[in-house]
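Worksheet: the structure to be examined is printed underneath.
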Amino acid sequence: MSCNTTTMAWRVYGAPGHRQRESFNESSKYDFSENGNTRVIEVQNSDITGTNEYSKVIITRNTFSECIDELNGQLTDGIFENSAVGKVVEVGV
């Protein structure tokens, strides 16, 4: 990974009144980086967090805006595409 990257983390909760479906899966980390373009996505689920209320998503990209875009993509077409997503709260890495 390059020295010039940005890492951000969020808790992604289930829809109101529901647990986060993704949180029941095993935690995982994916590194899609190539040609100087950093793209690392880590999902911490209940096996790490100890709860099914949320999954923690940690994204490392080249810029802040790429982190935000990646999160939005993961919420709609990625990790959470089959989950009812509730509130999304930025947290410390």
Side-chain angles (χ1 to χ4, degrees):
M1 241 181 308
S2 168
C3 293
N4 298 321
T5 60
T6 300
T7 300
M8 299 178 72
W10 296 267
R11 286 183 180 171
V12 179
Y13 290 84
H18 297 276
R19 296 178 289 178
Q20 176 45 257
R21 180 179 180 169
E22 170 61 26
S23 71
F24 290 91
N25 294 323
E26 187 175 329
S27 294
S28 56
K29 185 174 183 176
Y30 306 96
D31 189 344
F32 301 108
S33 303
E34 62 182 9
N35 302 324
N37 183 27
T38 302
R39 184 175 179 225
V40 180
I41 303 160
E42 181 176 355
V43 183
Q44 295 179 350
N45 290 319
S46 61
D47 57 328
I48 293 175
T49 65
T51 183
N52 294 110
E53 297 301 312
Y54 62 84
S55 293
K56 184 175 180 181
V57 180
I58 303 166
I59 296 174
T60 303
R61 295 296 311 259
N62 290 29
T63 66
F64 170 84
S65 63
E66 286 180 355
C67 286
I68 300 299
D69 289 346
E70 185 70 49
L71 172 67
N72 289 330
Q74 293 301 322
L75 292 173
T76 58
D77 297 325
I79 296 162
F80 299 97
E81 69 180 317
N82 295 317
S83 301
V85 173
K87 65 182 176 178
V88 178
V89 179
E90 185 177 353
V91 295
V93 181

Using side-chain heavy atoms (C-beta onward) and a distance below 4.5 Å, is Ile68 in contact with Met8? yes
Is any side-chain heavy atom of Val91 closer than 4.5 Å to a side-chain heavy atom of Lys56? yes
Which atom pairs, donor and acceptor, lie under 3.5 Å between side-chain atoms of residues 75-88 and protein residues at least two apart or in another chain?
from, atom 1, to, atom 2, distance (Å)
Thr76, OG1, Asn72, O, 3.1
Thr76, OG1, Gly73, O, 3.4
Ser83, OG, Gln20, OE1, 3.4

Can you tell me if Asp47 uses its side chain to pair, donor with acceptor, with the backbone of Ser27 under 3.5 Å? yes
Mark yes or no for whether Asn35, through its side chain, and Asn37, through its backbone, hold a donor-acceptor pair below 3.5 Å.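 It does not hold such a pair.
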Would you give the length of the straight line joining atom CD of Glu90 to atom CZ of Arg11, rounded to the nearest 0.5 angstrom?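 The distance works out to 12.5 Å.
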If I take atom CD1 from residue Ile58 and atom CD from residue Glu42, how far apart are they, to the nearest 0.5 angstrom?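 Those atoms lie 4.0 Å apart.
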Between Asn45 and Glu26, do the side chains contain a donor N or O and an acceptor N or O under 3.5 Å apart?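 On atom types as modelled, these side chains do not qualify, holding no pair under 3.5 Å.
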Residue of the set Thr5, Thr7, Asp31 for which side chain to side chain donor-acceptor pair (under 3.5 Å) holds with Thr60: Thr7
Hydrophobic clusters here meaning ILVMFWY residues chained together by side-chain heavy-atom distances under 4.5 Å, can you tell me if Leu71 and Val40 are in one? no
Mind checking whether Ile41 and Phe64 sit in one hydrophobic cluster, side chains of I, L, V, M, F, W, Y counted as touching below 4.5 Å? yes
Can you list the residues that meet the side chain to side chain donor-acceptor pair (under 3.5 Å) rule with Ser65, with sequence neighbours excluded?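 Only Thr63 meet the side chain to side chain donor-acceptor pair (under 3.5 Å) criterion with Ser65.
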Holding to side-chain contact (heavy atoms from CB on, under 4.5 Å), I want the full list of residues that pass it with Thr51, two or more places apart in sequence or in another chain.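 Per chain and number, Thr51 pairs via side-chain contact (heavy atoms from CB on, under 4.5 Å) with Thr49, Glu53, Tyr54.
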Should we count OH of Tyr30 as having more than 12 external heavy atoms under 6.0 Å?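 Not buried by this count: 12 neighbours or fewer within 6.0 Å.
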Crowded around Phe32 CZ? As in, over 12 foreign heavy atoms under 6.0 Å?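 For Phe32, atom CZ is crowded (more than 12 foreign heavy atoms under 6.0 Å).
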Summary of salt bridge (Lys or Arg N to Asp or Glu O under 4.0 Å) pairs that have at least one residue in residues 59-71, sequence neighbours excluded: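 Qualifying pairs: Arg39-Glu70, Arg61-Glu66, Arg61-Glu70.
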Taking all non-hydrogen atoms of both residues into account, name the closest pair between [X] and [Y] and its distance.
X	Y	answer
Val89	Tyr13	CG2-CE1, 4.0 Å
Ile59	Cys67	O-SG, 3.7 Å
Ser23	Ser46	O-OG, 2.9 Å

